[in-house]
Peer 1: 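Okay, here's the structure, questions in a sec.
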Amino acid sequence: MTTYAHDSGAFATRSRRIPNLAAHIGGAALLFVAAGILLSAVVEAGAGGDETLSLLLAAGIVAAVGALLWRTTTLPDKTSAGGTFIAVGATWIVAAIGGAVPFVLAGSFETIDGALFESVSGFTGTGSTVLDPIEDAPRGVLFWRSMTQWYGGTGMVVLAVAILPFLGIGGMDLLRAEAPGPSADRLAPRVSETAKRLWFVYGAFTIISMAILFAVGMSPFDAVTHAFTVVSTGGLSPYNNSVAAFDSVLIEVVLIVLMLYGATNFTLHYRFLTGDRGAYRHSTMFRYYLQVFVAFTIMITVLHWLQEEVPFATALRDGAFNVATLITSTGFGTVDYVQWGAASQLLLLALMISGGMAGSTAGGLKLIRVRVLFRFARREITRVRHPRGALPLRLGGDVIPERTVDRVVGYALLYIFIILVGTVALAAMGSGLPESVGGAASVMGNMGPGLGDAGPASNFLVFSRPARALLMVMMLAGRLEIFPILVIFSRLSGRSRRVRSQARTVARHQSDSWRTRLRRTG
């Protein structure tokens, strides 16, 4: 059980509020969402658009619901691990619903589920889109679309923990449940201070990215929207052609660096900024991350050069950018890689599954898990020759606890299993095999573009509406490391079973009652 601390002022009014962790954190998240929508309305007004009132109304609705949840609930004295997972999952779902309101009121989508898909894709950092054509959308809507990814980058829960001062004791459970990786690092004794430091690094990175992108030729609007989506490794762009719309080698090189930085463990960034100049150099996983990027860039470049017969400089440019955009799960596009050879596409699919470093904004299985899996496989091969040998797994000179190895292997199997089930389900709903495989792997890894007709030159409108509903669930599962979503479904199915059992009991009692009456009247 987890205990939450309260200050004396909050305790005085606590008796008039309902203890509910999910509703309380969800209300705080909606207030943050409303603030972002309000800023988007200001951008729309500055651009002279027609949807300023729609965005203001959306901000008001979301703020009202958020304030209602916030003011009528309080933090419970105790909560279980399952309750923590539910709170995290519910917060993301509530934020995504609130984020869809501007899209609905602005009329950007023909259906509500289309608006919800765009919002879920944004908050989870996936970057898959059903907005077409993108350039015709109002500036304020495009700004909000990019901002959903910025909010989702380090997580709405992390933001809530940073702001709520009384989530001290036990708040680390929320960070662990939300953190995109095997573990969450504590940067300070107090959990709220840890969250604040993460957001400080994230915010500073955002401002620096805006300045750099403006300096290399982007307009202020483009610099801000692309900074939002590159630091969050989300990849949504206000252009149909994504980064290809700029046709600039300099912009692409800058974005490669920013994407790689965003997919690096934020603990390393913080340690470097606070004086540890060897933080990156001494990190085994950071070196491994760069080695994977270089190795895949070389392979993709050579294959693209030989098979597509393009100039080597073009092959290097396309190879480096697309390896960076997929290993970081950003999903920006410069070329349609589905036109490349099968070998290149399989290598890119492997990057979709692996993702970047743990503790970053990147999606995917995470490179640390991939490395542990390779070490585990090598150990099992060695165990065949030395069945009685002591063969601990090591990473960077440290022994990995067997419990951690078991968790990594179990999570990886579950991750791949969900992709396989998702692929079969999408195919059963009428999608082609390349689209089904690429779509399932892409949304689970929060990548953005898929394969086939759902590649970087297209969008996810190629999937049916039921298929897109499944893809939304998989986006949330991938972003939240599966378990919060599984716990929610488990609780829902458990309640459903209880309701069905109660209904059957009532039906039996009613049936017995009618039989008794019939016998008496017979």
Peer 1: Starting from the C-alpha separation in whole Å, work towards a yes-or-no answer on salt bridge (charged side-chain N to carboxylate O under 4.0 Å, His left out) for Arg369 and Glu481.
Peer 2: CA-CA 12 Å; Arg369 290 194 179 104; Glu481 299 276 300; 2.6 Å; yes
Peer 1: Under the side chain to side chain contact (heavy atoms under 4.5 Å, CB included) criterion, do Phe296 and Ile327 qualify, and how do the steps go?
Peer 2: CA-CA 9 Å; Phe296 272 77; Ile327 195 175; over 6 Å; no
Peer 1: Indicate the atoms forming the closest heavy-atom contact of Pro449 with Gly455, along with that distance.
Peer 2: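 Residues Pro449 and Gly455, closest heavy atoms: CB-C, 4.0 Å.
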Peer 1: Would you kindly say whether Asn446 and Thr126 are connected by a side-chain donor-acceptor distance under 3.5 Å?
Peer 2: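 Yes, Thr126 and Asn446 have a side-chain donor paired with an acceptor closer than 3.5 Å.
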Peer 1: Can you tell me if Ser242 uses its side chain to pair, donor with acceptor, with the backbone of Phe332 under 3.5 Å?
Peer 2: no
Peer 1: Between Arg145 and Thr129, is any side-chain donor less than 3.5 angstrom from a side-chain acceptor?
Peer 2: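 Thr129 and Arg145 do have a side-chain donor-acceptor pair below 3.5 Å.
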Peer 1: Side chain of Ser119, backbone of Ala115: donor and acceptor closer than 3.5 Å?
Peer 2: no
Peer 1: What distance do Thr73 atom OG1 and Leu21 atom CG have between them, rounded to the nearest 0.5 Å?
Peer 2: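 Spacing of OG1 (Thr73) from CG (Leu21) equals 9.0 Å.
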Peer 1: Check whether more than 12 heavy atoms from other residues, nucleotides or ligands sit under 6.0 Å from atom CG of Leu414, and answer yes or no.
Peer 2: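 Yes, the 6.0 Å shell around CG holds more than 12 heavy atoms from other groups.
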Peer 1: Quick one: does any side-chain atom of Thr124 pair with a main-chain N or O of Met475 as donor and acceptor, under 3.5 Å?
Peer 2: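 Judged by distance alone, no pair lies under 3.5 Å.
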Peer 1: Is there a side chain to side chain contact (heavy atoms under 4.5 Å, CB included) between Ile97 and Ile93? Walk through the geometry before answering.
Peer 2: CA-CA 6 Å; Ile97 293 172; Ile93 293 171; 4.0 Å; yes
Peer 1: Answer yes or no: is there a side-chain heavy-atom contact under 4.5 Å between Val231 and Tyr261?
Peer 2: no
Peer 1: Can you tell whether the side chains of Arg468 and Glu118 come within less than 4.0 Å, N to carboxylate O?
Peer 2: no
Peer 1: Between Asn20 and Ala23 (side chain of the first, backbone of the second, donor and acceptor by atom type, cut-off under 3.5 Å), is there such a pair?
Peer 2: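 Present.
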Peer 1: So Val335 and Trp340, do their side chains get closer than 4.5 Å, heavy atoms only?
Peer 2: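 Touching, per the 4.5 Å side-chain cut-off.
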Peer 1: Look up atom OG1 in Thr328 and atom CG in Leu326, then write down how far apart they are to the nearest 0.5 Å.
Peer 2: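 If I round to the nearest 0.5 Å, the distance is 7.5 Å.
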Peer 1: Between Tyr202 and Trp150, how do the two ring planes meet: parallel, tilted or perpendicular, split at 30° and 60°?
Peer 2: parallel
Peer 1: Counting only N and O atoms by type, is there a donor-acceptor contact under 3.5 Å from the side chain of Thr225 to the main-chain atoms of Asp222?
Peer 2: yes
Peer 1: I'd like to know whether CG of Leu413 has more than 12 heavy-atom contacts from other residues, nucleotides or ligands below 6.0 angstrom.
Peer 2: yes
Peer 1: Does the Lys NZ or Arg CZ of Arg479 fall within the cation-pi geometry relative to Phe123 - under 6.0 Å from the ring centre and within 45° of the axis?
Peer 2: no
Peer 1: Below 4.5 Å, heavy atoms only, C-beta onward: do Glu252 and Val243 meet side chain to side chain?
Peer 2: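 They are in side-chain contact.
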Peer 1: For Met259 versus Thr325, what's the shortest heavy-atom pair and its separation?
Peer 2: SD-CA, 3.7 Å
Peer 1: For the atom pair OH (Tyr415) and CD1 (Ile482), what is the distance rounded to the nearest 0.5 Å?
Peer 2: 7.5 Å
Peer 1: Under the criterion side chain to side chain contact (heavy atoms under 4.5 Å, CB included), I'd like the reasoning laid out for Leu373 against Leu365: C-alpha separation, chi angles, the key distance, then a yes or no.
Peer 2: CA-CA 11 Å; Leu373 288 173; Leu365 189 58; 4.2 Å; yes
Peer 1: Between Ser209 (side chain only) and Ala227 (backbone N and O only), is there a donor and an acceptor less than 3.5 Å apart?
Peer 2: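 Side chain of Ser209 to backbone of Ala227, a donor-acceptor pair under 3.5 Å: no, none is there.
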Peer 1: Show me the side-chain donor-acceptor pairs of residues 132-139 shorter than 3.5 Å, one per line, residues at least two apart or across chains.
Peer 2:
unit_1: Glu135; atom_1: OE1; unit_2: Asn240; atom_2: N; d: 3.4
unit_1: Glu135; atom_1: OE1; unit_2: Asn240; atom_2: ND2; d: 2.8
unit_1: Glu135; atom_1: OE2; unit_2: Asn240; atom_2: N; d: 3.0

Peer 1: Apply side chain to side chain contact (heavy atoms under 4.5 Å, CB included) to the pair Leu68 and Val65, showing each step before the final yes or no.
Peer 2: CA-CA 5 Å; Leu68 179 65; Val65 175; 5.6 Å; no
Peer 1: Report, one line per pair, each donor and acceptor closer than 3.5 Å where one atom sits in a side chain of residues 416-436; sequence neighbours left out.
Peer 2:
unit_1: Thr423; atom_1: OG1; unit_2: Ile419; atom_2: O; d: 2.8
unit_1: Ser431; atom_1: OG; unit_2: Leu426; atom_2: O; d: 3.4
unit_1: Glu435; atom_1: OE2; unit_2: Asp453; atom_2: N; d: 2.7
unit_1: Ser436; atom_1: OG; unit_2: Ala427; atom_2: N; d: 3.3
unit_1: Ser436; atom_1: OG; unit_2: Gly432; atom_2: O; d: 2.8

Peer 1: Should Val323 and Leu351 count as side-chain neighbours, where that means a heavy-atom distance under 4.5 Å?
Peer 2: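 Val323 vs Leu351: side chains touch.
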Peer 1: So do Asn459 and Leu131 actually touch side chain to side chain, heavy atoms under 4.5 Å?
Peer 2: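 No, their side chains stay 4.5 Å or more apart.
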Peer 1: How close do Ile37 and Gly98 get, heavy atom to heavy atom, and via which atoms?
Peer 2: CD1-O, 4.1 Å
Peer 1: Less than 3.5 Å apart, any donor N or O on the side chain of Thr233 or Thr361 sitting next to an acceptor on the other?
Peer 2: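 Present: a donor and an acceptor within the cut-off.
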Peer 1: Could you report the tightest heavy-atom contact between Gly26 and Val94, atom names first, then the distance?
Peer 2: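 It is O-CG1, 4.1 Å.
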Peer 1: Side-chain contact test, heavy atoms from C-beta onward, threshold under 4.5 Å: evaluate it for Leu30 versus Trp70 and give yes or no.
Peer 2: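 With C-beta onward as the side chain, the pair stays apart.
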Peer 1: Quick one, Thr334 and Asp247 - any side-chain contact, counting heavy atoms below 4.5 Å?
Peer 2: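 Not touching, per the 4.5 Å side-chain cut-off.
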Peer 1: To the nearest 0.5 Å, how far apart are CE in Met285 and NZ in Lys366?
Peer 2: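 The distance works out to 11.5 Å.
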Peer 1: Taking the six-membered ring where the residue is Trp, are the ring centres of His226 and Phe246 under 6.0 Å apart?
Peer 2: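 Centroid distance His226-Phe246: below 6.0 Å, so yes.
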Peer 1: Are any side-chain N or O atoms of Ser360 and backbone N or O atoms of Ala263, one a donor and one an acceptor, separated by less than 3.5 Å?
Peer 2: yes
Peer 1: So, Trp144 side chain and Gly99 main chain: donor-acceptor pair closer than 3.5 Å or not?
Peer 2: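 Flag set: sc Trp144 to bb Gly99 pair under 3.5 Å.
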Peer 1: In Å, rounded to the nearest 0.5 Å, how long is the span from CZ of Phe109 to CZ of Phe117?
Peer 2: 9.5 Å
Peer 1: Spell out, as yes or no, whether a donor-acceptor pair under 3.5 Å connects the side chain of Ser442 to the backbone of Gly448.
Peer 2: yes
Peer 1: Locate the shortest heavy-atom distance separating Leu236 from Gln149; write the atom from each residue and the value.
Peer 2: N-OE1, 3.0 Å
Peer 1: Working to the nearest 0.5 angstrom, can you tell me the gap between Thr264 OG1 and Phe205 CZ?
Peer 2: 8.5 Å
Peer 1: Tell me, do Leu53 and Leu57 make a side-chain contact under 4.5 Å, heavy atoms counted?
Peer 2: no
Peer 1: Is the distance between the ring centroids of Tyr151 and Phe32 under 6.0 Å?
Peer 2: no
Peer 1: Where do Glu44 and Glu51 come nearest, in terms of heavy atoms and distance?
Peer 2: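 Reported closest heavy-atom pair: OE2-N, 3.1 Å.
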Peer 1: Any donor-acceptor pair under 3.5 Å linking the side-chain atoms of His304 with those of Ser344?
Peer 2: no
